[in-house]
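For reference, the structure discussed in these notes is given below.
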Amino acid sequence: MTQTVLRGRVLTFHAEPNDGQDNNAYSYIEDGAVLIRDGLIQKTGSFCDVAAMAPDAPVIDHRPHLLMAGFIDTHLHFPQVQVIASWGSQLLDWLNTYTFPEETRFADADHSAIMAEKFFDQLIAHGTTTAVAFCSVHKASVSAFFQEATKRKLRMLGGKVMMDRNAPAGLLDTPQTGYDDSKELIATWHGTGRSSYVITPRFAITSTPEQMEMAQALVQEHSDCHVQTHLSENRDEIAYTLELYPQARDYLDVYQSYGLLGPKTLLGHSIHLESREVDALVETGAHPVFCPTSNLFLGSGLFDNAGLRGRGITNGIATDVGAGTSYSMLQTLNEGYKVLQMQRQSLHPLQAFHWATRGNACVLGMEDRIGTLDPGTEADIVVLNARSTEAMALRMDRASTLSEELFVLQMMGDDRAIEEVYVNGTASKTAPATRARKVRVPEFS
Ligand code: GUN
Ligand code: ZN
C-alpha cells in the first residue's frame with residue numbers, strides 16, 4: 001500500500017453552481033488535504049483530520065496553492081499536434097490544406113509513437129488528466145495513443161476516425177475496414193486499464209451512408225462505448241452535408257437516422273442548430289461540446305450555451321486542438337467566457353471551474369471516477385498557482401475572494417499556472433528547475 005497526503009487549499013465541486021453565490025455546490029478548505037492511497041482518493045478534508053487518518057504517510061506541502069480535480073478535455077485531435085496555429089482559412093479549407101495532409105503521417109507507427117509522447121506531455125503540462133481524442137484513420141495512431149496513455153496511467157478515451165470519402169487516399173478506410181479496425185481496437189483497448197474506446201465517424205462529409213451503417217452496427221454491438229463526431233460547425237459544412245445526405249431533415253438527422261445519438265454521444269461544436277435538432281438533442285440525451293478557441297480561430301460561430309442549457313441539455317467544453325489554439329483548459333474557459341459575453345450570456349468562474357472538472361465528467365458519465373476530490377475517485381489532481389506570472393501576481397494582490405482568484409486563473413492562466421499534476425496518485429509534471437516566485441497565502445474575507 002502506498003499513501004501520500006497532499007496539503008494545500010482544497011476546492012472540489014458537488015454540483016453545478018447555479019450562480020456565483022451558490023456555496024452549496026462546492027467545498028473549499030483553506031488548510032485542506034487529500035489522502036491518496038494506491039492511486040485513489042481516500043479522504044479529502046481539513047489537514048488535521050486527513051493527517052490523523054494516516055499519521056505515517058508522507059506529506060507533500062503545496063501551500064499556498066490550490067488543489068483541484070484534474071481538467072477534462074472532451075474533444076481534441078491527437079494527430080493535430082503539429083497543425084495547431086495554421087493560418088488563414090475556415091473549416092473545410094483548413095481541413096484540406098493543413099489537417100488532412102498532416103494526418104496521413106500517422107500511418108507510420110514510429111511517428112505516431114513520438115507524437116503520442118509529445119501529446120501527453122502537453123496535456124499533463126496544461127493540467128489535463130482525461131481527454132476524449134480523435135486519432136487518425138490508421139490503427140497505428142490509436143495503438144500509439146493508448147500505449148502511451150497506459151504507460152502514464154492516464155484515464156483516456158479515444159478512437160480511430162472512420163472516413164471513407166472526401167479526403168486524400170492515404171486517409172481513407174472503407175465501410176468494412178473501418179468496421180473491422182474499430183472492432184479490433186475495441187477488443188484490445190476498451191476497458192483495458194484506464195482506456196476507453198470511442199466509436200468515431202469523423203463527420204458526415206467524410207463518411208458514406210454505407211459507412212454510417214457500419215458505425216451504427218458498432219454502436220449496437222458496443223453500447224458501452226462512447227460515440228464522437230462533429231456537428232454544425234460551419235455554414236459551408238452544413239450545406240455540403242445536406243447535399244450529400246438529401247434525405248436528411250437536417251444535419252443532426254444524418255447521425256440520428258443511423259442510431260448514433262444517445263447519452264454517450266459527444267457532438268463537437270453544435271453551433272448552427274435548427275429547432276428540430278435541439279429537440280432531438282433533448283430526446284436522445286446527446287451532448288454538444290463547446291470548443292471556444294477553435295470556434296474563434298476558424299470563425300465558425302458562437303455557441304449558444306444558455307439556449308441549450310435552458311432546454312436541459314448538458315454541454316461539454318473542450319480545446320479542439322489543433323483548430324483550438326491552446327491545450328489549456330484555463331485558456332479555453334477564458335475564450336469561452338468571451339464567446340458567451342458576445343451573446344450576453346454569463347459564465348461565473350465557479351461555473352467555469354465546475355465545467356472543466358465535474359461538469360465534463362458528468363457529460364462523460366464518469367463523475368463516480370473523475371472530476372472531483374471525492375473519496376473513492378481516482379487521484380487525478382492539479383495544483384494551481386494564481387501567481388504564476390508577475391501580471392497575475394499583481395492582480396492577485398487585489399483579490400479578496402476565491403471567485404476572484406479563480407477568475408484570474410481563468411483569464412490569465414496557462415501551463416505556467418499548473419504547479420503539479422497527479423495522475424492516478426503519481427506526480428507527473430516535471431517542474432522547471434529554477435522557479436523562484438514570491439508566494440503569499442491569500443486571506444479571503
Ligand atoms: N470536422 C471534421 N474534422 C474536423 C477537425 O479535425 N477539426 C474540426 N475543428 N472540425 C472538424
Ligand atoms: Zn474536432
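Ligands are counted one by one from 1 in listed order, and the atoms in each one are counted from 1 as well. The first residue in the sequence is number 1, and the count goes up from there.
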Could you tell me whether any N, O or S atom belonging to His230 is less than 2.8 Å from the Zn ion (ligand 2)? yes

For His269, counting its heavy atoms only, list the atoms of ligand 1 lying under 4.0 Å from any of them. 9 (N)

Within a distance under 4.0 Å of any heavy atom of Ala323, pick out the atoms of ligand 1 and give their elements. 9 (N)

So which N/O/S atom does His77 have closest to the Zn ion (ligand 2)? NE2

Counting only heavy atoms, tell me which of Glu103, His75, Arg202 gets closest to atom 3 (N) of ligand 1. Arg202

Proximity flag Gln80 to ligand 1, non-hydrogen atoms under 4.0 Å: yes

Ring centers of His75, Phe290 separated by less than 6.0 Å: no

Heavy-atom pairs closer than 4.0 Å: do any link ligand 1 to the side chain of Tyr98, the backbone, both, or neither? neither

Among the N/O/S atoms of Asp320, select the one at the shortest distance from the Zn ion (ligand 2) and name it. OD1

Region of Glu233 that comes within reach of ligand 1 [heavy atoms, distance under 4.0 Å]: side chain

Contact between Trp94 and ligand 1, counting heavy atoms under 4.0 Å? yes

Any N/O/S of Glu233 under 2.8 Å from the Zn ion (ligand 2)? no

Aromatic centroids of His126 and Tyr327 separated by under 6.0 Å: yes

Backbone, side chain, both or neither: what part of Thr206 comes under 4.0 angstrom of ligand 1, heavy atoms only? neither

Under 4.0 Å, heavy-atom basis, I'd like to know which part of Ile205 is in contact with ligand 1: side chain, backbone, both or neither. neither

Ring centers of Tyr245, Tyr251 separated by less than 6.0 Å: no

N, O or S from Cys291 under 2.8 Å to the Zn ion (ligand 2): no

